[in-house]
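Keep in mind that the numbers below use all heavy atoms, side chains included, and drop hydrogens, waters and symmetry copies. Every value quoted in this text rests on a predicted model; they were computed, and no experiment measured them.
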Amino acid sequence: MPEKTIFEKNLDALKSNHLKNILQRHNITASLQVKNTNGFNLEYNGTLIHNEKSPLGEAISIFNKINNTPTSIQIIYGIGLGYLFQYTAIHSKGTVILYEPNLDILKTAFSLVDFSNELTKNNVYVTHTRDNLGELLRNHMGFDNTPTIHCLPSYRTIFKDTIESEQKALTTLVGSITLDSNYTKSRYYPVTRAIMNNIPYLAKEIPLCEIQDCYKGYTAVVVSAGPTLNENIETLKKYQDNVIILCVGPAYKTLVNAGIKPDFLCIIEDRNCIAQISGLDISDVNLILEPCTNRNFHKLNPKKTFLHISNNLPPNKIWSNIADIDIKEYNSRGTVSYCALNSARILGCSTIILVGQDLAYINSQLYSKDSAYGDLKLIFNEETKKYEVAASDMESYANAVSTDKEKQMEYAKKLLARYNTKITTIKSITGDLIPTEIVYTTFAATISRFTQLYPDRKYINTSMKGAMLNGFENIPLDKALENSARAEKKDFSSLSFNKTEQIITNLENLNNSFADAVKAINDNKKLLSRFKLEYIRHKNLTRDMLATLKKIISNYTWLSINYSQKNQIFDFITKKEQIEFESFLSKSENIDLAAALKIAELQSAYLDNALTNINTIQEIINNDITLLKDI
């Protein structure tokens, strides 16, 4: 058997089969030549990629500026002949991701240099797409390891037309993932608590997949509260009987005021935003809620309440397990518009039309002027020379975001402050850059990927002024609906969901399972007391203290791994403190007295919060069981 080529060795070592196939099929078209200056160099369309005097020295100089820790993530933008990538892969203590969107250069490098040893390392990854880079970052980012991006100086010259937009996109991507991570850290316990509190209502609500494909072949219109909603409102009113309308909460007021009755109203927020629909009739509308949606919405009396149990929100596994519900079809990405989009797919609609999905600030508006948040405006501050979000009527906006009269103004100001840290630009359907926020740029990519996941549908975007959404045809609403026929609306009044006995049994078993955790927690609290007494006595780190600390960490490992796998609620309600504790441990290469005291402090916080949260959840479970037995 002939010896494998360098290219074949590198392909064998790649972790991504998708990238292997792409590189095998790719034909190089660019002008690439290897030069021998003071070390081998690669010339791309007449320009040397590496430093002419010392390619390796250049790589070492860049690497020496890197914060090299076990939790660090290094993104190497561009490979060239791989000096920087190879040196970083060999010496990095953390994760290394090579991002090379130019397949000509990537295939050339893989054909000339043997990277197989580096590519097989568990901490080294290669990608050529921004989407895959995002997946890698989501899998490896924690809460204190923001990735750093390193680029050869030559790439800024060679790819000057794209490098700025690429780096901006990467910065936006990292920012978005950081926001998601911080949400996870802070929200797991509140979301879990909300789900548990909602169980008496969830037990009667129907999983949306129970009516899967009920509107097969129909056209759905997903209505969001973007500024162009107002421009389409009369057309939507004209054709409302020809389509299945799924409306998000902030847009409901606009539709009702125009005399439009949506078929489904989607609300996923766990905060109390009941003001979105305050004073509006919902008795003739079907609700689509998440298990964690604020309890006030589950208390409402619509035509029917359906559950979209998003499989990307880990705490939803709690309800999935308790009620034995398969949630694989409930794909979501944490936004109500995506929930409505996926709901339209589950219902079987073959054409899905977006209305008001601008994902940008149009004519200084953030939302439709008649929507719940219509008071928000984008203004240009002449002093700072920056765009800012402001409310034209602050009191009205505060009333819309919260019903808590004492805290609503403070909360509204915090929301505005958040808006103003996230302003950026996005490419519109006309090719211009228009103002938006960071989250929208990520969502634009996410909603575009939806069309790739489910290519068997037709997708239409009717916002002629908003962000470019790949995979969607850009067609005005009147043109999209001009040949539509009347739709036969379904009656779901006879549907029911009843697993009450099973739910009660599972809740009782869950409640009993906390006993093992409470015992382990109390054991560790005793060990912590012993550790603290030893410290008071010796004021130094003794061998006995280290031995006690080792037992504490061993017990914690059992709790956070073995026990958490059996009881997912425990994992969710302790996640914040768990992340903080493990983050510190990962950085502590040597345990001195200061580190030992910090470990004891963090473990104490973990144990105290775990006990408090267990007690709260058990009280909720007991109340759930009582209420369910009375049904």
Practice item. Look at atom CD of Glu52 and say whether more than 12 heavy atoms of other residues, nucleotides or ligands are closer to it than 6.0 Å. Key: no
Practice item. Measure the spacing between CD1 of Ile353 and CD1 of Ile475 and express it to the nearest 0.5 Å. Key: 8.0 Å
**Study point:** Atom of Ile158, atom of Leu48 and distance for their closest heavy-atom approach
**Key:** CD1-O, 4.5 Å
Check your understanding: Can you check side-chain contact (heavy atoms from CB on, under 4.5 Å) on Thr5 and Glu8, steps first, answer last?
Key -> CA-CA 5 Å; Thr5 65; Glu8 289 170 337; 3.2 Å; yes
Check your understanding: Any donor-acceptor pair under 3.5 Å linking the side chain of Lys15 with the backbone of Lys121?
Key -> yes
Review point. Can we say Glu58 and Lys53 salt-bridge, meaning some charged N sits less than 4.0 Å from an Asp/Glu carboxylate O?
Key: no
**Study point:** For Ile62 against Pro153, the heavy-atom pair lying closest together
**Key:** CD1-CD, 4.3 Å
Point to revise | Close side-chain approach of Lys575 to Pro314, heavy-atom, < 4.5 Å | key: no
**Study point:** Full working for side-chain contact (heavy atoms from CB on, under 4.5 Å) between Leu103 and Ile28
**Key:** CA-CA 8 Å; Leu103 290 175; Ile28 298 172; over 6 Å; no
Practice item. Please report the shortest heavy-atom distance between His308 and Ser332, naming the atom on each side. Key: CE1-CB, 4.0 Å
Exercise for review: Would you confirm whether Asn68, through its side chain, and Lys93, through its main-chain N or O, come within 3.5 Å as a donor-acceptor pair?
Suggested key: yes
Exercise for review: For the pair Asn123 (side chain) and Gly94 (backbone), establish whether a donor and an acceptor sit closer than 3.5 Å, ignoring hydrogens and angles.
Suggested key: yes
Review point. Parallel, tilted or perpendicular: which describes the rings of Tyr556 and Tyr606, with under 30° parallel and over 60° perpendicular?
Key: perpendicular
Point to revise | Asn122 CG: over 12 foreign heavy atoms closer than 6.0 Å | key: no
Exercise for review: Using a 4.5 Å cut-off on heavy atoms from C-beta on, say whether the side chain of Tyr563 contacts that of Gln565.
Suggested key: no
Revision key, fill the gap. The single option from Val248, Ile268, Leu359 that satisfies side chain to side chain contact (heavy atoms under 4.5 Å, CB included) with Ser337 is Val248
Check your understanding: Counting only heavy atoms not in Asn36, do more than 12 sit closer than 6.0 Å to its CG atom?
Key -> yes
Exercise for review: Would you name the heavy atoms of Ser463 and Ile429 that are closest together and state the gap between them?
Suggested key: O-CD1, 3.6 Å
Practice item. Look at the aromatic rings of Tyr77 and Tyr99 and report parallel, tilted or perpendicular, splitting at 30° and 60°. Key: tilted
Check your understanding: In Å, rounded to the nearest 0.5 Å, how long is the span from CZ of Phe40 to CG of Leu81?
Key -> 9.5 Å
**Study point:** Student check: side-chain heavy atoms of Asp571 and Gln578 closer than 4.5 Å
**Key:** yes
Exercise for review: Verify, without hydrogens or angle tests, whether Ser428 (side chain) and Thr430 (backbone) share a donor-acceptor contact under 3.5 angstrom.
Suggested key: yes
Check your understanding: Which one of Thr228, Thr436, Asn461 satisfies the side chain to side chain donor-acceptor pair (under 3.5 Å) criterion with Asp358?
Key -> Thr228
Review point. Distance-only, no hydrogens or angles: does the Tyr125 side chain make a donor-acceptor pair with backbone N or O of Leu119 under 3.5 Å?
Key: no
Check your understanding: Taking side chain as C-beta onward, heavy atoms only, is Thr108 less than 4.5 Å from Val34?
Key -> no
Practice item. Considering non-hydrogen atoms only, spot the tightest contact between Ile79 and Leu98 and give its length. Key: CD1-CD2, 3.6 Å
Practice item. With the side chain counted from C-beta on, respond yes when Gln33 and Leu42 share a heavy-atom pair under 4.5 Å apart, and no when they do not. Key: no
Point to revise | Reported CD1-to-NZ distance for the pair Ile60 and Lys65, which is rounded to 0.5 angstrom | key: 13.0 Å
Practice item. Take Leu433 and Ile426 through the side-chain contact (heavy atoms from CB on, under 4.5 Å) test and state the conclusion after the steps. Key: CA-CA 5 Å; Leu433 290 178; Ile426 194 169; over 6 Å; no
Exercise for review: Any pair with a residue in residues 20-43 that passes salt bridge (charged side-chain N to carboxylate O under 4.0 Å, His left out), sequence neighbours left out, goes on the list, sorted by first then second residue, please.
Suggested key: none
Review point. With distance as the sole test, does Arg345 use its side chain to make a donor-acceptor pair with the main-chain N or O of Glu329 at under 3.5 Å?
Key: yes
**Study point:** 4.5 Å side-chain heavy-atom contact, Phe472 and Ile460
**Key:** no
Exercise for review: Evaluate the side-chain proximity of Leu136 to Ile73: yes if any heavy-atom separation is below 4.5 Å, no if none is.
Suggested key: no
Exercise for review: Can you measure from CD (Glu290) to SG (Cys339) and round to the nearest 0.5 angstrom?
Suggested key: 5.5 Å
Review point. Would Tyr83 and Tyr87 count as a close aromatic pair, with their ring centres under 6.0 Å?
Key: no
Revision key, fill the gap. OG (Ser448) and CG (Leu453) are apart, to the nearest 0.5 Å, by 11.0 Å
Exercise for review: Answer with yes or no after comparing the ring centroid distance for Phe7 and Phe110 against a 6.0 Å cut-off, counting only values under it.
Suggested key: no
Review point. Would you say the side-chain atoms of Asn331 and Asn311 include a donor-acceptor pair closer than 3.5 Å?
Key: yes
Review point. Partners of Glu601 by salt bridge (charged side-chain N to carboxylate O under 4.0 Å, His left out), sequence neighbours excluded?
Key: Lys598
Practice item. Measure the spacing between OG of Ser320 and CG of Asp326 and express it to the nearest 0.5 Å. Key: 7.0 Å
Check your understanding: Counting only N and O atoms by type, is there a donor-acceptor contact under 3.5 Å from the side chain of Ser92 to the main-chain atoms of Ala89?
Key -> no
Check your understanding: Does the ring centre of Tyr44 sit less than 6.0 Å away from the ring centre of Phe159?
Key -> yes
Review point. Taking atom types as modelled, is there a side-chain donor on His18 or Asn132 under 3.5 Å from an acceptor on the other?
Key: no
Practice item. I would like to know whether Leu106 and Asp104 meet side-chain contact (heavy atoms from CB on, under 4.5 Å); could you show each step before the answer? Key: CA-CA 6 Å; Leu106 185 57; Asp104 286 346; over 6 Å; no
Review point. With a 4.5 Å limit on heavy-atom distance, are the side chains of Val126 and Leu14 in contact?
Key: yes
**Study point:** Residues forming a side chain to side chain contact (heavy atoms under 4.5 Å, CB included) with Asn562, sequence neighbours excluded
**Key:** Trp558
Review point. Can you name the nearest heavy-atom pair linking Ile75 to Pro147, along with the distance?
Key: CD1-CB, 4.0 Å
Practice item. Check for a donor-acceptor pair, side chain of Thr88 on one end and backbone N or O of Leu84 on the other, with a separation under 3.5 Å. Key: yes
Check your understanding: Looking just at side-chain N and O atoms, do Gln74 and Ser72 make a donor-acceptor pair shorter than 3.5 Å?
Key -> yes
Check your understanding: Between the side chain of Ser564 and the main-chain N/O of Leu559, is any donor-acceptor distance below 3.5 Å?
Key -> yes
Review point. Does the ring of Tyr189 carry Lys576 above it, NZ/CZ under 6.0 angstrom from centre and within 45° of its axis?
Key: no
Check your understanding: Do any N or O atoms from the side chain of Glu100 and from the backbone of Asn102 form a donor-acceptor pair under 3.5 angstrom?
Key -> yes
